Amino acid sequence: MNDDIDVLVAGAGPVGLMAAGELLRHGARVRLIDALPGPTETSRALATHGRTLEIYDQIGVLDQILDRGQPCTAFVRHTEGAEPVRYDFGYSDDPIRYEYNLMIDQRLTEQVLRDHLYELGGRIEWNTRLAAIEPGPDHVTCRTIGPDGAESTFGTPWLVACDGAHSVVRKSLGIPLRGASTKTWLVADAEVHADLDRNAGHLLFGDGGASLMFAYPSRGRWRIVDMTDARHGEDTATVIPRLQRRLSAATGQRITIGEPSWMSTFTIQQRAVPTMRSGRCFLAGDAAHVHSPAGGQGMNTGMQDAFNLAWKLAMVIHGTCAEHLLDSYTPERSAVGDEVLKNAGRLTTIGTLKNPVGQVVRNLVGHVMLGLRPVQHAMAD
């Protein structure tokens, strides 16, 4: 048993950083490990929603986040042969302080959260992989492999798994990740020459395809998502001309795209666990639920998982509350995760219709659908 820590957090992405930082802020002793050699250099999640901004305000990092982001206050729908239609995010009926989304590179989000962690006295053990666990009644036995290949076995009273969709903890506990693979999408970050509103996200239907675009803070740089006909193994010589045709057809203007600084093709997973707790082990973020990036909910949902769990776990550690407080974690967060899965799945289906008749119907009624509050919530909350 390791008497120096109260909680082992596995995974130092945004979810693990939130969990470790909040546990430290509430006075728990934390060890944070990650199998990677250091911070990731590739861009992934981009959208930060209003409720997550409220969390950043509570933990004291909001100003650092806002300084690095690009506000997004609306969606603009572009359909080939039609005038663009703008839908401002309507939060008037929501109890929320920040009535916009913020586009910020996940690398920068993690940088802010790492700095916050260090200020709280925490540190990250890179190149340290959680290889196996053995749950017990009063602690969890963990085996890690360090940078030099040396193995270490120790016990921790509590374990929080933020180790992603291929979670070692989840697999060791035998908790299934139920669901299915769906569509294949392509994501690229590139310089784009286009006359488009940078304070809005853009949903584009043109040349038989559907795409999304979001502006980065640096002028001219955009995140592009190809929701139709993306295939693994494509190179930029194939992808860029296709995207230029689609975006140009949708907007009615000549759009050119530079060489991407990053490009990735991935198959969307729509999966979730039946429980986010097993004894002294907890799952958060992608370890518990993975879904379509439509609506940009993944990172936000995961960090909100961690924020929900950390204060409860800290109170139990300090003896302020009985352990049954932790029983609220799964029902509270699973309800959110299930709703995100449902909404993201609907948006994915709408955006990736291949049937020509279905595309025509979607294009004709799309302005009505995007004006509905449930759809706006799915894309912006």
Side-chain angles (χ1 to χ4, degrees), residues 1-13 15-24 26-37 117 120-177 272-289 302 305-306 308-330 333-334:
M1 183 74 174
N2 189 334
D3 294 328
D4 296 331
I5 64 170
D6 299 310
V7 188
L8 175 69
V9 177
V15 179
L17 289 167
M18 177 64 73
E22 279 300 277
L23 285 163
L24 286 168
H26 290 292
R29 299 170 301 170
V30 180
R31 183 180 178 190
L32 176 58
I33 64 173
D34 196 288
L36 294 176
L117 179 84
L120 292 167
R123 68 187 186 94
I124 304 169
E125 297 177 47
W126 298 107
N127 257 327
T128 302
R129 178 170 61 89
L130 183 60
I133 67 165
E134 185 177 335
D138 58 2
H139 71 278
V140 183
T141 300
C142 301
R143 180 168 63 87
T144 60
I145 300 176
D148 56 0
E151 294 189 8
S152 175
T153 301
F154 59 92
T156 178
W158 302 97
L159 171 61
V160 179
C162 309
D163 52 345
H166 302 289
S167 172
V168 170
V169 176
R170 187 190 67 243
K171 292 176 180 178
S172 297
L173 295 171
I175 299 175
L177 191 62
V273 295
T275 181
M276 297 174 71
R277 180 190 181 190
S278 177
R280 291 178 168 267
C281 301
F282 300 87
L283 306 176
D286 286 354
H289 41 73
D305 291 344
N308 178 286
L309 174 63
W311 69 266
K312 297 174 180 177
L313 187 52
M315 292 187 77
V316 171
I317 289 168
H318 296 317
T320 308
C321 286
E323 187 177 325
H324 64 73
L325 172 65
L326 300 172
D327 294 337
S328 66
Y329 176 60
T330 287
R333 295 310 303 166
S334 289

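Keep in mind the model is a prediction, meaning the values are calculated, not measured.
Put simply, CE on Met276 and CG on Leu309 are 8.5 Å apart, with the number rounded to the nearest 0.5 Å. With rounding to the nearest 0.5 angstrom, the OG atom of Ser167 is 7.5 Å from the CG atom of Leu173. Between the CD1 atom in Ile133 and the SG atom in Cys281 there is a gap of 4.0 Å [rounded to 0.5 Å]. Rounded to the nearest 0.5 Å, atoms CZ (Phe282) and CG (Leu159) are 9.5 Å apart. Between atom CZ of residue Arg129 and atom CD1 of residue Ile145 there is a gap of 3.5 Å, rounded to the nearest 0.5 Å. To the nearest 0.5 angstrom, Leu120 atom CG is 11.0 Å from Leu23 atom CG.
With hydrogens and angles ignored, the 3.5 Å screen pairs a side-chain donor or acceptor of Arg277 with a backbone N or O of Gly279. The backbone N or O of Trp126 lies less than 3.5 Å from a partner atom in the side chain of Thr128, making a donor-acceptor pair. A distance-only check finds no donor-acceptor pair linking the side chain of Arg280 to the backbone of Val140 [under 3.5 Å]. Remark: side-chain polar atoms of Asp163 are not paired, donor with acceptor, to backbone N or O of Ala10 under 3.5 angstrom. Side-chain atoms of Asp6 come within 3.5 Å of backbone N or O of Arg29 as a donor-acceptor pair. Looking at Arg333, its side chain never comes within 3.5 Å of a backbone N or O of Ala306 through a donor-acceptor pair.
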Could you walk me through whether Thr144 and Phe154 satisfy the side chain to side chain contact (heavy atoms under 4.5 Å, CB included) test, starting with their C-alpha distance in whole Å, then the side-chain angles of each, then the deciding distance to 0.1 Å, before giving a yes or no? CA-CA 9 Å; Thr144 60; Phe154 59 92; 3.8 Å; yes
Candidate pair Leu32 and Leu17, rule side chain to side chain contact (heavy atoms under 4.5 Å, CB included), full reasoning: CA-CA 8 Å; Leu32 176 58; Leu17 289 167; 4.0 Å; yes
Leu325 and Trp311: side chain to side chain contact (heavy atoms under 4.5 Å, CB included), yes or no, with the steps? CA-CA 10 Å; Leu325 172 65; Trp311 69 266; 4.2 Å; yes
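Nearest heavy atom pair, residue Val30 against residue Ile5, reads C-CG2, 4.3 Å. Counting all heavy atoms, side chain and backbone alike, Val316 lies closest to Ala322 at CG2-O, 3.6 Å. The two residues His139 and Gly155 have their closest heavy-atom pair at CD2-CA, 4.0 Å. Taking both residues in full, the closest heavy atoms of Gly285 and Asp305 are given as N-OD2, 3.1 Å, listed atom of the first, atom of the second, then distance. Across every non-hydrogen atom of Ser328 and Lys312, the tightest pair is OG-NZ, 2.8 Å. Here the closest non-hydrogen pair linking Val9 and Cys162 is CG1-SG, 4.1 Å.
In this structure the side chain of Ile33 reaches within 4.5 angstrom of the side chain of Arg31, judged on heavy atoms. Val160 places a side-chain heavy atom less than 4.5 Å from the side chain of Leu313. Side-chain contact between Val273 and Thr330: absent, with no pair of heavy atoms (C-beta onward) separated by less than 4.5 Å. Side-chain contact between Tyr329 and Leu283 is absent, with no heavy atoms from C-beta onward closer than 4.5 Å. In this structure, the side chains of Ile317 and Val7 come closer than 4.5 Å at one or more pairs of heavy atoms.
For NE2 of His166, the number of neighbouring non-hydrogen atoms (other residues, nucleotides, ligands) closer than 6.0 Å is 12 at most.
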